[in-house]
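To keep things clear, I will list the structure first and then write my remarks on it.
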Amino acid sequence: MAPPHRTPLRGISVHRPSGPTRRSLLAGVAALGALGAAGCSRVASASNVEGGDLLDRLRAQGVARLGIAGEIPFGYISKDGELTGEAPELAKVIFKRLGVDRVQPVPTEFGSLIPGLASQQFDVVAAGMYINPERCEQVIFSDPDYQMLDSFIVRKGNPMGLRNYQDVVEKKARFATGTGYAEIQYAVEAGYKEGDILIVPDQVAGLNAVEAGRVDVFAGTALTTREVVKKSAKAEVTEPFKPIVDGEPHVDGGGFAFRPTETKLRDAFNAELAKLKESGELLRILGPFGFTEAEMTDLTAKELCGG
């Protein structure tokens, strides 16, 4: 499948969403999820072996199937038809170290990733999926390979001095963010009236709105805002910051999802991921996709799952 024309954000961490978003994982999609990877042959059924035997089976067959959602920079098919993105490139390295020579993409819709994993359409979700308590009830996660903070796109020089959502509210700035983005709720939680938020399709439209003076600020993830302003002569990005959720600074983190029975594979994956973090190789793998030292993290899946 071709990569999308725009880069969706990781807007899935809203604690009290006002409604379903593109990043929401709803129980109701389960019935449709099995169809999300239609045309793909199924992997072998899960076994009753303690901790699962998927790792042994993957080593024997020499290939691991990765569920991806066609999203730049997290996991997608390039213009040359090659599987790439931060999660697939990391998966290639880790599975190689685990004795699995190849990875194979299984593209599907984002909302079909967890249902597709459960129905044996692929072996692991490799889509940079945010780890949150709702998802942790359905799958087990690796520790996150990245964390994500928010940033603002503002006019050059940041004339209003906007550095967080509280500033936006206090200085009555004209505020914009993207359709279905978690940043909507972050702004509302800070006291911004939801009806006053300008909702635009994506960060490119947000940049255009700031440059044209239609808004004072556009909110998105640190990674995507940083990337989109690189060629702008009129706008800049603020320093990354933690939004306040339920009165506490909040950090999102993304990782790989496995079926709950496959703890052996998850634990082996985590062990290799920890080595990559310690050596600094993780940043070298993720760097080409716009990730920086600021996105590296020592957070654990247990913390992000809420305990």
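Keep in mind that this is a model prediction, so the values were computed, not measured.
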Would K264 and D56 count as a salt bridge (charged side-chain N to carboxylate O under 4.0 Å, His left out) if you check the C-alpha gap in whole Å, the side-chain angles of each, and the deciding distance to 0.1 Å?
CA-CA 10 Å; K264 180 179 177 182; D56 295 329; 3.1 Å; yes

Locate the shortest heavy-atom distance separating [X] from [Y]; write the atom from each residue and the value.
| X | Y | answer |
| --- | --- | --- |
| Y146 | G128 | OH-O, 2.6 Å |
| A235 | E211 | CB-CG, 4.3 Å |
| A257 | V139 | CB-CG2, 3.9 Å |

Please check if atom [atom1] in [X] has more than 12 non-hydrogen atoms from other residues, nucleotides or ligands closer than 6.0 Å.
| X | atom1 | value |
| --- | --- | --- |
| K171 | NZ | yes |
| K277 | NZ | yes |
| D196 | CG | yes |
| Q104 | CD | yes |

So, are [X] and [Y] salt-bridged, with charged N and O less than 4.0 Å apart?
| X | Y | result |
| --- | --- | --- |
| K302 | D143 | no |
| R174 | D216 | yes |
| K96 | D101 | yes |

Quick one: pull up [atom1] in [X] and [atom2] in [Y] and give me the separation to the nearest 0.5 Å.
| X | Y | atom1 | atom2 | value |
| --- | --- | --- | --- | --- |
| M148 | T221 | CE | OG1 | 5.0 Å |
| R226 | E236 | CZ | CD | 14.5 Å |
| F241 | R163 | CZ | CZ | 11.0 Å |
| L207 | T224 | CG | OG1 | 11.5 Å |
| E134 | C305 | CD | SG | 10.0 Å |
| M160 | K172 | CE | NZ | 10.5 Å |

Going through the checks in order, is the side chain to side chain contact (heavy atoms under 4.5 Å, CB included) test met by R259 and Q120?
CA-CA 9 Å; R259 286 186 286 278; Q120 311 284 322; 3.4 Å; yes

Going only through I, L, V, M, F, W and Y residues with side-chain contacts under 4.5 Å, is there a path from V124 to L98?
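In one cluster: yes.
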
Taking the side chain from E278 and the backbone from L273, do they hold a donor-acceptor pair closer than 3.5 Å?
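Here the side-chain-to-backbone pair does not exist.
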
When you measure from the side chain of T177 to the backbone of A219, do you find a donor-acceptor pair of N or O atoms at a distance under 3.5 Å?
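Yes; judged by distance alone, with no hydrogens or angles, the pair exists.
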
Checking side chain to side chain contact (heavy atoms under 4.5 Å, CB included) against F256, which of L90, V125, L66 comes through?
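When side chain to side chain contact (heavy atoms under 4.5 Å, CB included) is applied between F256 and each of L90, V125, L66, only L90 qualifies.
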
Can you tell me how the ring of [X] sits relative to the ring of [Y], calling it parallel under 30°, perpendicular over 60° and tilted otherwise?
| X | Y | answer |
| --- | --- | --- |
| F289 | Y76 | perpendicular |
| F175 | Y165 | perpendicular |
| F218 | Y181 | perpendicular |

Side-chain H-bond candidate by donor/acceptor type, T84 with E89, under 3.5 Å
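The criterion, which ignores hydrogens and geometry beyond distance, is satisfied for E89 and T84.
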
Check: T300/E303 side-chain N/O donor and acceptor closer than 3.5 Å:
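Their side chains do contain a donor-acceptor pair, which is all the 3.5 Å distance test asks for.
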
Might you work through the side chain to side chain donor-acceptor pair (under 3.5 Å) test for T292 and E295, ending with a clear yes or no?
CA-CA 5 Å; T292 69; E295 280 75 56; 2.8 Å; yes

